[in-house]
Each structure stands twice: as C-alpha cells, then as structure tokens.
Engineer: 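My questions all concern the structure below.
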Amino acid sequence: MAKMSGAQILLECLRQEGVEFIFGYPGGAVLPIYDALYDYQDIKHILVRHEQGAAHMADGYARATGKVGVCLATSGPGATNLITGIATAQMDSIPIIALTGQVRTTYIGKDAFQETDAIGISMPITKHNFLLRRTEDIPRVIAEAFYIARSGRPGPVLVDIPLDVSLGKIEWDPSQYNRNVDIPSYRPTYKGHEMQIRKAAQAIKEAKRPVLYVGGGAVQSGAQAEVTELSERTNILVTTTLMGKGAIDENHPNCLGMLGMHGTAYANHAVHNCDLLIAVGARFDDRVTGKLDQFAKYAKVIHIDIDPAEIGKVVHCDIPIVGDVKTVLRELLKYVEPRPATEWNRQIMEWKKRFPLIYPKDGQMHAEYVIDEIWRVTEGNAIVTTGVGQHQMWAAQYYKVKRPRQFITSGGLGTMGFGMPAAIGVQLAFPNEKVVCIDGDGSFQMTVQELMTAVVYELPIVVAIINNRSLGMVRQWQELFWSERYSEVDLQASPDFVKLAEAYGAIGMRVTKAEDVEPALREALSQKHKPVIIDFVVPTEENVYPMIPSGQSIEQMMLRKDLEQLRATVDTDGEEWSFADQDAILKQFVEQPSRQ
Amino acid sequence: MAGMNGNGREHQHTITALVQNHPGVLARVAGLFARRGFNIESLAVSVTENPEVSRMTIVARGDDRVIEQITKQLNKLIEVIRVVDYIEHAAVERELALIKVNAEPKDRSEILQLAEVFRGRVIDVGEKTFLIELTGGPDKIDAFARLMAPYGIREMARTGVIAMARGTKTA
C-alpha cells in the first residue's frame with residue numbers, strides 16, 4: 001500500500017464522490033491541497049476572485065444538477081468569506097461541501113496567523129460540520145459529509161482541515177473508500193406513514209376548495225411528474241413558492257404561479273379562500289404567509305415534508321406526513337380518486353381574469369418587458385439565476401419555467417450578489433444550456449469580480465442587468481411605507497457597465513429602447529465563449545405588484561393602480577364576465593368557515 | 001389556520017438527550033437553544049454507561065408547541081441519538097447542591113438538625129461556616145435553601161437536574 005498525504009486522500013475521496021469541480025481560492029493553510037491539485041487530472045479547480053463567489057458557484061452548480069457542490073478556501077479570512085454563501089445554501093437546503101483550511105492542530109486556540117474558529121462560526125449556518133483532527137479520519141469524515149449534505153433535507157456541510165492533517169502521510173488505498181455511510185443518530189424518513197396518506201386522500205376527496213401549495217422540497221425531490229399528475233387527476237390548481245418554481249410547468253393551465261408577498265393575486269385569493277391547503281415541501285415562510293392568523297384561515301392543512309421539525313413550526317397542521325415528497329406523492333396517488341373541475345376552479349379563473357399579472361406594453365422599456373422578452377427569446381428554456389430585489393421578483397413573476405432546477409435564486413437568505421457566481425456554476429455544469437443571470441444594478445456590483453472568472457473559463461453566461469440606478473426594492477418600501485423618504489437608495493453613481501465588461505474582457509452592451517431588447521438578447525445568446533453584460537436602462541420609479549405588505553394579509557394587497565386600464569387593453573376576446581356575479585360567489589365561499 | 005405563537009400555557013419540562021460523545025456537541029445544543037430563542041433553566045451533561053454516549057438533561061420552559069419544536073430541533077442535530085421529554089413518563093429527578101452557609105456557634109445545632117431532616121450532610125466545618133451537601137428533587141433543594149437563607153448563604157452550587165424513567169423503561 002502506498003503512503004498518501006492527507007491532501008491526496010482528500011482529492012481521491014472527492015473523486016469517488018463524483019466531484020467534477022472545486023470552486024476555490026488558495027492560501028497558506030490549504031497549500032498541501034493545492035499542491036496535490038497541481039497534477040490531479042480528474043477534478044477541475046475553478047479559481048474564483050473572492051471566496052463568496054466560490055460558495056455561490058458550488059451552490060448554483062448544486063441547484064442546477066441536484067449533485068453536491070464543493071468549494072474550498074483557506075483558514076481565517078478564506079473561511080469567513082465563505083460564510084454568506086454557506087448561509088445562503090443552508091436557508092434553501094442546498095447540498096454543498098465547504099472545505100476550509102485550518103492552522104495546525106497544535107496551534108488551534110492560540111490565535112495563530114489566519115486562525116478563526118470556522119466550526120464555531122459556521123455551526124448555525126450548516127446542516128453539520130466537522131473538524132478533522134487526524135489524517136486517517138479523512139475518508140470517513142468526507143463520506144459522512146457528502147452523505148449528510150445530500151440525504152434527508154439537504155444542506156451545507158463544512159469540513160475544517162488543519163494543515164498538519166492535510167500534510168500527514170499514512171498508508172491508504174483508494175479502494176478502501178466507503179460511500180455507504182450509516183450514522184445511527186441520523187436516519188431520515190423517506191416513506192410516509194400509510195394511515196396519514198390515506199387520511200390525506202380522504203381529505204382531498206371531501207374538500208370543496210382545495211389548493212396545492214408546492215415548495216422547494218418538490219424541486220429537490222424531483223417530483224414534477226407526481227405534482228402534475230396529482231393536479232391533473234384532481235383538478236386541484238397549484239401555486240408554488242419562489243423555491244418551488246418549476247415543480248410544475250408554469251405554462252400548465254393548472255399553475256397559478258407564485259404566492260405570497262409578490263405572488264399573483266389569484267394564487268393568494270385561492271389560498272386565502274381554500275378549505276384544504278395541501279403543502280408539499282414548503283415551509284410557510286413569512287414572505288408566503290404574511291399575517292399568520294389570516295393565512296388560509298378556513299383551511300384544513302395537509303403538510304408533506306421530509307423534515308419533521310417543519311411540521312407545526314409555523315402553522316397548525318391537521319394531517320402531517322413526514323417523508324420524501326416524491327415518495328409520498330406516489331403513495332398518495334394510489335388512493336386519490338379523480339375529481340372534476342368545479343365551481344371553485346371557475347372562481348379561481350375569474351380571479352385570474354380579474355387580477356392578471358400585467359404590465360403596460362406602451363413602447364417603453366419596463367423591467368417586466370425586458371424579462372418577458374428574455375423569456376420569449378430563450379423560448380422559456382434558459383436556466384435563469386437572479387440577484388435579490390425587484391428584478392428577482394419580476395423574474396419570478398414573468399420568467400415562466402418548464403422544469404425544476406431551471407430557476408436559481410436565493411430565496412430564504414435573500415443574498416444580493418448571488419446571481420452571477422451561481423450562473424457560473426450552472427454554466428460549468430451545463431456547457432450547452434443557455435444561462436441567463438437576471439440581475440440588479442445593486443446585486444451585480446456585490447460580486448462583480450467573478451466576471452473575471454467567467455471570462456477566464458470562457459463561459460457564455462448572459463448577465464441582464466435590470467438597471468434602475470437604485471436599490472429598487474428598498475426604494476419601493478421607502479416610497480410605500482416610509483413616506484417617500486428615500487434614504488441611501490440612489491445608485492446613480494455606478495460604473496459604466498459596458499466599459500466595465502470590456503475591462504474584464506467580456507462583452508458589454510447597453511439597451512435603452514424597447515425595440516432594441518430582442519436584437520441585443522439574440523446577439524448575446526449567440527456568444528459561445530464570452531460572457532455578455534447587457535445594461536438594460538429601465539425607469540427608476542417602478543414598483544413590484546401585486547404586493548402584500550410585510551406581516552399583513554390579502555386584504556391589504558396592493559395592485560397596480562393602472563390594472564383596470566391595462567386589463568381593458570388586453571381583454572380583447574370579448575368574453576363577458578361580471579364583477580357583481582363574482583362578488584356574490586366570493587361571499588358564498590368566504591362566509592362558510594369549514595374548520596371544525 | 002391559527003398562528004403558533006403564545007397560545008398555550010407554559011410548563012417546565014425535563015428533556016433528556018442522548019448524544020454522541022464528540023467534542024463540540026454541547027456547543028451545538030447550547031447554540032440551538034440560544035438561536036431559536038428557547039430558554040434553558042438548567043443543563044447537566046456527563047458520559048453514560050457507554051463511553052461513546054453522553055447524556056444531557058435539559059430543563060426548559062415553554063408551551064406545548066415550543067417544547068415540541070425543542071425536541072424536534074434537538075433530534076435534527078446529527079449527533080443527537082434520542083430525545084425523551086419526561087413530562088410524559090414517570091421519572092425520577094435528582095439534583096446535587098453544595099451550600100456554604102454561615103454557622104455561628106449559637107446556630108450550629110439548629111442547622112445540623114435541619115440538614116438531617118433533609119438528609120443533607122455537612123462535609124466541611126469551618127470556623128464560621130458549614131458546607132452542606134444535599135441531593136433531591138429541585139423543590140427539596142429550593143426548600144432547604146429557603147430555610148438556610150436566614151443564616152446567610154455564602155455560596156451555592158447546583159448541578160442541575162438529571163432524570164431517569166422508573167422501571168425497566170430506558171431513554
């Protein structure tokens with residue numbers, strides 16, 4: 001048996017875990033690992049410009065592929081720079097492994113150069129973490145780290161590797177690596193309880209006004225076919241969370257789009273008035289529920305989730321089912337009987353007509369128009385990443401995805417700067433797919449240095465900056481809830497994004513007129529080896545609607561002021577529908593609380 | 001659908017968690033309580049009959065939903081093997097206290113008598129103090145401390161509650 005260094009053993013373990021890329025940045029405490037990488041052919045290292053970028057790239061890679069993403073940083077500042085990226089992955093349950101260098105075990109606790117307590121710092125933002133103390137522990141710990149990251153409710157795992165552990169040499173043969181991990185204190189539940197599943201089927205049968213509320217768990221579990229079949233068989237309409245986008249084809253007539261603060265009005269009306277809420281891999285986030293005692297207040301709740309701690313965490317649940325979404329839905333489909341579309345379906349469609357998702361097509365280049373055009377030009381096939389803010393919400397509303405893992409966004413943590421590095425991770429995983437980062441002028445500047453990474457690795461990502469020269473979402477809140485006192489939201493002073501792109505060796509374009517959007521997008525999407533930055537100069541003072549203000553209910557929902565006019569312009573099919581009629585139906589629905 | 005907050009009566013619960021005896025596991029449990037805003041009244045940790053397993057006994061306050069979240073979040077920690085909430089079981093609870101109380105010559109026999117009633121033991125006699133060792137449920141120790149208070153308690157240390165189910169049932 002050959003003697004191998006800890007660093008060599010580490011790389012061999014990663015290879016056996018199927019790792020294709022390590023996103024990383026070298027430094028003193030990881031020198032042995034970088035030395036081992038120097039002539040290691042099986043894993044490609046992607047040199048980033050800031051460790052935060054490495055974490056987001058690993059995260060974007062993981063979200064797009066469903067595999068575990070890996071990032072690597074040195075001790076001290078290298079580790080702390082990963083933290084935002086790890087926290088982003090934790091909030092959205094994304095499986096990544098963060099490998100951090102650490103000072104020698106004999107120096108730990110002595111305030112050595114570039115020493116920081118990576119374990120302590122990352123404890124609240126990881127699913128689990130490990131401090132390696134001996135070279136011989138590397139294979140077991142790496143196997144456990146990957147197993148924990150990808151199983152159950154996925155999440156990030158940090159492995160802290162002291163210098164002497166990666167330097168140490170032991171006799172080890174790669175055939176000894178064992179991926180079949182069993183941790184007695186960690187055994188996730190995949191199969192749902194049969195009695196509970198039968199109860200759920202019965203509740204679905206008895207419900208008059210059911211709604212499916214589908215979240216990121218359905219995406220992670222790959223349950224698009226099951227969600228769609230359940231919806232089609234029962235004619236129960238589906239609303240998804242931001243993380244659930246793609247759990248059903250958003251072009252499907254049964255899809256109501258996103259719910260919550262910036263969700264569609266019709267999805268929110270449906271949830272508000274339903275008598276059965278079927279929550280599938282969703283966690284009742286405050287951006288979804290708003291005021292809790294008003295949220296789905298007439299509904300019985302079925303909650304399917306792989307994490308038992310999510311059940312009953314925020315809302316009361318009548319029929320809890322702990323298990324993997326896909327596995328549970330397959331079982332459920334054995335018991336669920338077909339049901340016809342009812343008056344309730346018609347009611348929701350009325351709401352859809354009455355409160356459409358709409359923006360003015362007046363020849364001006366509105367943000368929504370740009371996103372709509374990106375959707376049209378890419379034929380809804382691009383993998384989209386986003387930053388955080390108004391552009392993210394518009395992208396969620398108007399970029400209708402067809403499949404899971406096609407819309408990649410920081411939902412829980414809301415990490416500005418996530419979009420471009422995530423797009424790099426996605427493009428590396430899928431060299432032949434069109435990858436578009438819909439970004440904001442604020443978000444883009446938070447991780448702009450990774451443009452260099454995209455240039456170096458010749459990745460043809462398209463970054464569409466929805467540039468309103470403002471921190472638009474904060475500006476919107478200040479306009480609506482803080483008496484238009486615009487405090488520190490002006491981003492007029494930004495670099496020339498075209499020149500900036502060119503300085504990095506990327507292609508820069510600026511678009512100011514609606515008619516130029518499509519040609520610019522076509523040119524950008526035709527690139528094969530260079531990233532393209534398109535600076536879409538959109539109006540500053542536009543808001544994302546609908547909006548349910550934070551902590552409030554659907555009664556406070558704000559719609560665009562010009563909704564009626566806009567609706568008149570599109571409603572050209574001459575179909576008649578009456579509000580008086582609709583209000584009567586609504587009343588009849590709303591005034592019969594069904595809860596026992 | 002009702003919200004989850006502040007809608008139940010608070011109770012004191014004794015929760016035992018069997019955990020893998022790894023470095024840092026106490027920090028994980030303590031961090032979890034702090035992060036999620038759960039209140040710990042006491043916490044006692046030590047190794048069990050199996051040197052790879054430690055036993056943590058946590059006394060926490062909360063309504064049923066808070067306690068349910070505590071047990072679920074504890075179970076979610078990778079190194080937590082099992083969690084038992086003893087409010088549902090017949091269990092024995094014990095605590096050890098060391099109490100250093102002022103013991104002037106005129107008070108000594110009285111203090112000794114009280115200690116005897118509570119089955120406490122004087123384990124150190126100083127010129128002006130007694131050091132008394134006492135075991136029992138938390139209420140008994142509270143009661144004894146109240147009785148000692150008039151003499152002047154100089155120092156008191158309590159281990160926090162440890163608990164175990166009666167009969168053959170184990171955690």
Side-chain angles (χ1 to χ4, degrees), chain A residues 117 119-131 133 144-145 147-149 151-153 155 157 160 183-189 271-272 274-277 279 284 286 289 291-301 303 307-318 322 593 595, chain B residues 1-8 13 15-38 45 47-48 50-56 60 62-85 170-171:
Chain A
D117 176 11
I119 296 296
I121 292 173
S122 66
M123 211 172 264
I125 54 150
T126 50
K127 184 171 172 186
H128 194 57
N129 58 19
F130 294 93
L131 171 61
R133 289 164 195 279
E144 289 187 2
Y147 169 64
I148 290 168
S151 59
R153 179 181 184 169
V157 177
D160 203 26
I183 304 172
S185 57
Y186 170 70
R187 296 222 171 105
T189 307
V271 168
H272 183 72
C274 72
D275 70 350
L276 178 68
L277 187 69
F284 298 84
D286 57 279
T289 63
K291 194 174 184 192
L292 270 178
D293 57 11
Q294 292 297 307
F295 179 72
K297 62 178 172 182
Y298 312 115
K300 202 173 192 178
V301 177
H303 192 178
D307 179 358
E310 282 305 335
I311 287 165
K313 184 182 82 176
V314 178
V315 297
H316 171 77
C317 170
D318 301 276
V322 176
R595 204 177 173 82
Chain B
M1 180 187 303
M4 296 290 294
N5 296 323
N7 50 357
H13 287 243
I15 296 164
T16 281
L18 294 178
V19 301
Q20 292 186 27
N21 188 12
H22 289 172
V25 66
L26 175 60
R28 285 185 209 283
V29 171
L32 170 68
F33 274 76
R35 197 157 65 241
R36 300 250 175 209
F38 304 143
V45 192
V47 76
T48 63
N50 175 353
E52 287 174 13
V53 175
S54 288
R55 187 177 181 115
M56 292 189 180
D63 64 22
D64 291 347
R65 282 167 171 174
V66 168
I67 298 295
E68 185 184 327
Q69 264 298 300
I70 289 176
T71 55
K72 283 177 166 179
Q73 294 292 346
L74 277 172
N75 263 316
K76 225 171 123 171
L77 294 176
I78 306 289
E79 288 159 328
V80 170
I81 300 161
R82 197 156 46 245
V83 181
V84 181
D85 177 0
T170 56

Engineer: When you measure from the side chain of B/Asn21 to the backbone N and O of B/Ser54, does any donor-acceptor pair fall under 3.5 Å?
Structural biologist: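 Between the backbone of B/Ser54 and the side chain of B/Asn21 there is no qualifying donor-acceptor contact (under 3.5 Å).
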Engineer: Using a strict 4.0 Å threshold on nitrogen-to-oxygen distance, state whether B/Glu68 and B/Arg65 make a salt bridge.
Structural biologist: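 Looking at B/Glu68 and B/Arg65, the cut-off is not met.
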Engineer: Can you tell which part of A/Asp307 gets under 4.5 Å to a heavy atom of chain B, answering side chain, backbone, both or neither?
Structural biologist: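 Contact with chain B: side chain only.
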Engineer: Under the side-chain contact (heavy atoms from CB on, under 4.5 Å) criterion, do B/Phe38 and B/Leu74 qualify, and how do the steps go?
Structural biologist: CA-CA 11 Å; B/Phe38 304 143; B/Leu74 277 172; over 6 Å; no
Engineer: Using heavy-atom distances under 4.5 Å, tell me whether A/Arg187 contacts chain B through its side chain, its backbone, both, or neither.
Structural biologist: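 No part of it gets close to chain B.
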Engineer: Taking the six-membered ring for Trp and the full ring for Phe, Tyr or His, determine whether the centres of A/His128 and A/Tyr186 are under 6.0 Å apart.
Structural biologist: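 Ring centres of A/Tyr186 and A/His128 not closer than 6.0 Å.
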Engineer: Out of A/Pro184, A/Pro188, A/Pro124, A/Gly152, return the one with the most heavy atom pairs under 4.5 angstrom to chain B.
Structural biologist: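 Most pairs with chain B among the choices: A/Pro124.
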Engineer: Counting heavy-atom pairs closer than 4.5 Å to chain B, which one of A/Ile311, A/Thr289, A/Ile119 comes out on top?
Structural biologist: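 Top option by heavy-atom pairs under 4.5 Å: A/Ile311.
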Engineer: Where on B/Arg28 is there a heavy atom nearer than 4.5 Å to chain A: the side chain, the backbone, both, or neither?
Structural biologist: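 Contact with chain A: backbone and side chain both.
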Engineer: Do A/Glu144 and A/Ile183 make a side-chain contact, defined as non-hydrogen atoms from C-beta onward lying under 4.5 Å apart?
Structural biologist: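 Of all side-chain heavy-atom pairs linking A/Ile183 with A/Glu144, at least one is under 4.5 Å.
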Engineer: Just one of A/Asp117, A/Asn129, A/Asp160 clears the side-chain hydrogen bond (donor to acceptor under 3.5 Å, both in side chains) bar with A/Ser122, so which one?
Structural biologist: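 Testing each of A/Asp117, A/Asn129, A/Asp160 against A/Ser122, the sole residue satisfying side-chain hydrogen bond (donor to acceptor under 3.5 Å, both in side chains) is A/Asn129.
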Engineer: Of all of B/Arg82, B/Gln73, B/Glu79, which one pairs up most often with chain A through heavy atoms under 4.5 Å apart?
Structural biologist: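 Among the listed options, the one with the most contacts to chain A is B/Glu79.
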Engineer: Could you look at A/Leu131 and say if it's the side chain, the backbone, both or neither that has a heavy atom under 4.5 Å from chain B?
Structural biologist: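 No part of A/Leu131 comes within 4.5 Å of chain B.
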Engineer: Could you tell me which of B/Arg35, B/His22, B/Gln20 has the largest number of non-hydrogen atom pairs under 4.5 Å with chain A?
Structural biologist: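 With the most close heavy-atom pairs to chain A, the winner is B/Arg35.
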